[in-house]
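Below: the structure, in structure tokens.
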Amino acid sequence: MEARMDFLDLLQPDMSRKILMCLDDISDIVRASAVSRCWQHLVIENGLSKHLCFRSFPQLSQVASIVEINNLEVKGQKEVACSSSRDFKPLERDHRVYAYLAHATTSFFIRNCISEAIIASSTDNYPEESIDNTLEPRDVVARRASYWSSKGQFKPDVPETLTYKLISNFCVVTEINIRPFQAFFQPGSPIYSAKAVRFRFGHLKHAIDPRNDLVGESHCKSANETFIWTYTSPEFSMVQEYCLQKFKLPEPVLCIGGILQIELLGRVQRQETDALFYMCVSHVQVIGRPLSPAFDVEILEPSGKFQLKCNRQAKACNQLSMLENEPRTILPTYLERRVIELRQIVNMLRGNVGQGEEYAWEEEEDEPDEVA
């Protein structure tokens, strides 16, 4: 015990760095940096926490600079560190931010990450069959089927796209769930699924309001020209089944900019009345970990790189407040229907039921969210 020594002293610096770079858990890298001052310098100078983040999320290669918001923020000050700087303090700051980021991508709450629907490449009957309906988990709302429908096509290979905004500009997404629509009101109850799906994540090229500036089918081409995609998934086959189909990404993906586009590839079902091929989607979920308010990004035009902002003062409880404040999609017509039914119940209790008056109670149960 008296002959204790640091084994790194027996190795060349390059060999020590290669050994520590084999660590694949951020907790191990943080522990290594706490062994001694020598180990700390080795970890920080070689950017091991940054290397681990880049290895897990290649999209971080577009980081141009880091802004760390600390206690000085209260006084209206910010500390800014360029990742390319060779000073030790910026390297320390990078180590803190990337270590915290690596921790956040595996520990923040998992939830449905869709904020709102932006645009569909086509819509058959607007607004009755709008993309907004895909945010509603129920199949029937106010006694009407809730779904999005494309326009009909003679050729089955015409694709469609659905574009959404996520709840955070910085999200780790693990899977996308899609339920195709089954037209129970048509003969044979056909399912209007796609043959395959593909997913793209990215951000807007320009500072515009996508909800207002990308409205209508005439803007579909300009919509595709307005987004920059930082990740494109492989194709996933869909089955002709009326269920929530889960598409797990090969690896968790860091969505920078908060935009998701779903590509529906290949039509299967032809409508009997007009002999055209349609695609219809009942519900969409995006499962992942929103990283705000602890992290945010600012896209730097025209380079397409981004500034990574970190606020370590944002406690994990802020994630709980996000869950509590999550807006729930309930259509006004559904609320109106419920009010009418409550009035009917009150009239029955008061004995004010008129002869020949029928009461049709809606036998639908709220489907529990699949994501806690």
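The shown structure was predicted, so the numbers you read here are calculated from the model rather than taken from an experiment.
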Drop me the distance from Cys310's SG to Asp94's CG, to the nearest 0.5 angstrom. 11.0 Å
Rounded at 0.5 Å granularity, tell me how far CD1 in Ile29 sits from SG in Cys53. 8.5 Å
I would like to know whether Val281 and Ile262 meet side-chain contact (heavy atoms from CB on, under 4.5 Å); could you show each step before the answer? CA-CA 11 Å; Val281 173; Ile262 299 176; over 6 Å; no
Of all heavy-atom pairs between Ala117 and Asp132, which one has the smallest distance, and what is that distance? CB-OD1, 3.6 Å
Short side-chain to backbone donor-acceptor contact, Glu136 and Arg138, under 3.5 Å: yes
Going by atom types alone, do Arg267 and Ser150 pair a side-chain donor with an acceptor below 3.5 Å? yes
Least distance between heavy atoms, Asn311 atom then Pro293 atom: CB-O, 4.1 Å
Before you tell me yes or no, could you show the steps for Leu249 and Phe201 under side-chain contact (heavy atoms from CB on, under 4.5 Å), namely the whole-Å CA-CA distance, both residues' side-chain angles and the distance that decides it to 0.1 Å? CA-CA 12 Å; Leu249 299 174; Phe201 296 99; 4.0 Å; yes
Counting only heavy atoms not in Glu251 (residues, nucleotides, ligands), do more than 12 fall under 6.0 Å from its CD? no
Side chains of Asp139 and Arg179: closer than 4.5 Å at any heavy-atom pair? yes
Taking the side chain as every heavy atom from C-beta outward, state whether His283 and Thr134 have any pair of such atoms under 4.5 Å apart. no
Can you tell me how far CH2 of Trp229 sits from CD of Gln261, rounded to the nearest 0.5 angstrom? 4.0 Å
Test side-chain contact (heavy atoms from CB on, under 4.5 Å) on Phe181 and Glu129 and set out the steps. CA-CA 11 Å; Phe181 176 65; Glu129 298 174 340; over 6 Å; no
When every non-hydrogen atom of Gln240 is compared with those of Ser193, the smallest separation belongs to OE1-CB, 2.6 Å
Heavy-atom closest pair (Tyr242 atom, Ile191 atom, distance to 0.1 Å) is N-CD1, 3.5 Å
Counting distance only, does the side-chain N/O of Thr106 pair as donor-acceptor with the main-chain N or O of His103 below 3.5 Å? yes
With Phe295, which residues qualify under ring pair (Phe, Tyr, Trp, His ring centres under 6.0 Å), at least two apart? Tyr100
Could you pull out all residues at least two apart from Arg198 that satisfy salt bridge (Lys or Arg N to Asp or Glu O under 4.0 Å)? Glu235, Glu263
Separation of Gln307 CD from Gln62 CD (nearest 0.5 Å): 14.5 Å
Drop me the distance from Ser115's OG to Asn169's CG, to the nearest 0.5 angstrom. 10.0 Å
Is there a donor-acceptor pair under 3.5 Å between the side chain of Ser146 and the backbone N or O of Val141? no
Donor-acceptor contact below 3.5 Å, side chain Ser121 vs main chain Thr161: yes
Counting neighbours of CZ on Phe154 that are heavy atoms of other residues, nucleotides or ligands and sit closer than 6.0 Å, is the number greater than 12? no
Val63 and Val97: same hydrophobic cluster, using ILVMFWY side-chain contacts below 4.5 Å? yes
Check: Arg270 side chain, Ala275 main-chain N or O, donor-acceptor pair, under 3.5 Å: yes
Check the pair Gln182 / Ser189 against side-chain hydrogen bond (donor to acceptor under 3.5 Å, both in side chains), numbers first and verdict last. CA-CA 6 Å; Gln182 182 173 20; Ser189 299; 4.6 Å; no
Using a 4.5 Å cut-off on heavy atoms from C-beta on, say whether the side chain of Lys50 contacts that of Leu60. no
Hey, is the main chain of Thr105 close enough, under 3.5 Å, to the side chain of Arg289 for a donor-acceptor pair? yes
For the backbone of Val286 and the side chain of Asn112, can you confirm whether one donor and one acceptor N or O come within less than 3.5 Å of each other? yes
Just wondering, are more than 12 heavy atoms of other shown residues or ligands nearer than 6.0 Å to CD in Glu272? no
With heavy-atom distances below 4.5 Å as the criterion, would you say the side chains of Ile119 and Ile131 are in contact? no
Residue set satisfying side-chain contact (heavy atoms from CB on, under 4.5 Å) with Arg144, at least two apart, ordered chain then number -> Glu128
Residue pair Pro58 / Ser61, side-chain heavy-atom distance below 4.5 Å: no
Under the side-chain contact (heavy atoms from CB on, under 4.5 Å) test, which residues partner Phe247, sequence neighbours left out? Ile178, Val197, Phe199, Phe236, Met238, Gln245
With heavy-atom distances below 4.5 Å as the criterion, would you say the side chains of Leu101 and Phe170 are in contact? yes
Do Phe277 and Trp148 sit in one hydrophobic cluster, given that two such residues count as connected whenever their side-chain heavy atoms are within less than 4.5 Å of each other, even indirectly? no
Who passes salt bridge (Lys or Arg N to Asp or Glu O under 4.0 Å) against Arg31, sequence neighbours left out? Asp28
Go through the steps for Asn125 and Ser149 under the test side-chain contact (heavy atoms from CB on, under 4.5 Å), then give the verdict. CA-CA 8 Å; Asn125 296 303; Ser149 174; over 6 Å; no
Sub-3.5 Å donor-acceptor pair from the side chain of Thr174 to the main-chain atoms of Ile287, do we have one? yes
Euclidean distance, Ile299 CD1 relative to His203 NE2, rounded to 0.5 Å: 4.5 Å
Hydrophobic cluster identity match, Leu276 and Tyr126, side-chain contacts under 4.5 Å: no
With sequence neighbours excluded, residues passing salt bridge (Lys or Arg N to Asp or Glu O under 4.0 Å) with Glu298: Lys309
Can Tyr278 and Gln269 be said to form a side-chain hydrogen bond (donor to acceptor under 3.5 Å, both in side chains), step by step? CA-CA 6 Å; Tyr278 289 83; Gln269 184 63 47; over 6 Å; no
Same cluster for Tyr192 and Tyr147 if Ile/Leu/Val/Met/Phe/Trp/Tyr side chains link at under 4.5 Å? no
Contact between Ile256 and Phe306 at the side-chain level, heavy atoms closer than 4.5 Å - yes or no? yes
Identify whether Val158 and Val268 are in the same connected component of the hydrophobic contact network (ILVMFWY, side-chain heavy atoms under 4.5 Å). no
Could you check Leu166, Thr163, Leu162 and say which one makes a side-chain contact (heavy atoms from CB on, under 4.5 Å) with Leu260? Leu166
Between Tyr231 and Pro250, what is the shortest heavy-atom contact and its length? OH-CD, 3.9 Å
Are side-chain heavy atoms of Pro252 and Phe57 found at a separation under 4.5 Å? yes
Quick one: closest heavy-atom pair of Met279 and Leu264, and the distance? SD-CB, 3.3 Å
